[in-house]
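Data block below; observations after.
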Amino acid sequence: MESRKKFLKNFLIGATSVPVIIAACKKDDITSTTSGTDTSTSTGSGSGSCSVTPSETAGPFPTITPSSLVRSDIRLDRSGVAFTINITIKNTNNNCSALSGAIVDIWHCDKDGYYSEYGGSGMQSIDYTSVHFLRGRQTTDSNGLVTFTSIFPGWYSGRATHIHVHVYNSAGTSLLITQIAFPEASDSAVATVNGSGGTAYGYTKGMTGYTYNASDNVFSDDTTSAEVATVTGSLSAGYVLAHTIYVNG
Amino acid sequence: MVMVRRLTLSERIMSKKITRFCYRKIIDASAQKVWDKYVFDSSYTELVMQFQFYNTENKYTTFGDLIWNVPAAEKLHFLVSASVTGYVQQLNEHIPDIMNNLGKSFLRFKGYRFEIINSDIKDKSKHVIAVNFFSEPVIWHDTIDSYLLVSLLSDETTAEETLTHLVQLQSFFSIYSLKDDIQ
């Protein structure tokens, strides 16, 4: 014990080496910390160096909480033209009937073309790596439908307006990773939101330099427009997207 | 009972070091506490789901192999953290497990970082994660044997007396940052 104290004192001269000390003298407690039982902290080595057993009123019992990705309103702090996303999942392995219980992750960029969870690099200089806006997860209902409340996505150089979708079965096994394209005619939501009317909502890029679906490296092979959604609505009332995705459920 | 030398007012001002602690709480398949089990299960489920986004050819099963071969998968640390956010919030800023020498939880955290240490999408028993809790700033007054004598900025302090906590140095509990005086 005395030698251990001396050892500790020697070590403590360099105060920043503090964590090393205990690794040397409290090996038992490593397991007690990881196993996390209340009792094991006191059953370590039995020497005076062990931590005391916690002795206080128990806090609230933990409750099972879904991932924070599980949300229908994915806007968080993002503003823009109101946008409702309705995605229906159908199962090609069951006569294209609705697939209920499928887990659907979506993500898209904000009105300025920026993604959350990205940034600080050449593709996106603004750093949004520590935020989760415009990403969400829902589980399909008996009609195979999920609905998200969002803002109309902007665009960025090199890509047409799009929404990313990752579909899993109810067990979490990946079924399909895909993207949803938007109609882009002169009277389309994309043209309207990015036109002069959209500036009041913060969409300032216009359509100059926009990459249309035919030139988009993801959608250009979609000659039947199977990936293009139906989008209805107006700037003031907001837009509603409807799209069906077929998976091997 | 440890004798504590009372600091003079000038000493209190002159000798203060402000530290923030980091507690790296490691959770593996042997977790027993309810909170730990929930975090273990939730983070594993989320990892298995999001792993597939990077494992497009189904070549890898371990987290180590995936991030070695698909560097972009490093983002999984952050992406999977969404699965434990709700549990961390339930702690109401109280750092778990770390007690003062009276056996009471006393430290609050003002930030945390989730990390995946190891995992295997085919073997849940290989799943090991850590939640790093970064404490609020505390005043480090002295070191007594293997204990740090600290007081919280919120602790009652008069010119005559400062209320303190003794906290033991222990594995996975470290001094995260240090600065002189209160800014």
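Throughout, protein chains are lettered first and strands after them, A, B, ... in sequence-line order, and every chain is numbered starting at 1.
- Taking the six-membered ring where tryptophan is involved, the planes of B:F53 and A:H166 are tilted, since the angle between them lies from 30° to 60°.
- The most heavy-atom pairs under 4.5 Å with chain A, out of B:S105, B:S42, B:S43, come from B:S105.
- Your options are B:E46, B:K75, B:Q52, and the one with the most heavy-atom pairs under 4.5 Å with chain A is B:Q52.
- Heavy atoms only, all atoms of each residue included: B:Y38 and A:P62 are closest at CE1-O, 3.5 Å.
- Using a 4.5 Å cut-off between heavy atoms, B:D41 makes no contact with chain A at all.
- B:L102 touches chain A through its backbone: at least one of N, CA, C or O sits under 4.5 Å from a heavy atom, while the side chain does not.
- Expressed to the nearest 0.5 Å, how far NZ of B:K37 lies from CD1 of A:I64 amounts to 11.0 Å.
- Shortest non-hydrogen contact noted between A:F61 and B:Q90 is O-OE1, 4.5 Å.
- No side-chain heavy atom of B:M49 sits less than 4.5 Å from a side-chain heavy atom of A:L69.
- Side-chain atoms of A:T65 and B:Q89, non-hydrogen and from C-beta on, never get closer than 4.5 Å to each other.
- The OG atom of B:S83 sits 8.5 Å away from atom CZ of A:R137, with the distance rounded to the nearest 0.5 Å.
- Between A:H132 and B:A82, the shortest heavy-atom distance links the atoms CE1-CB, 4.2 Å.
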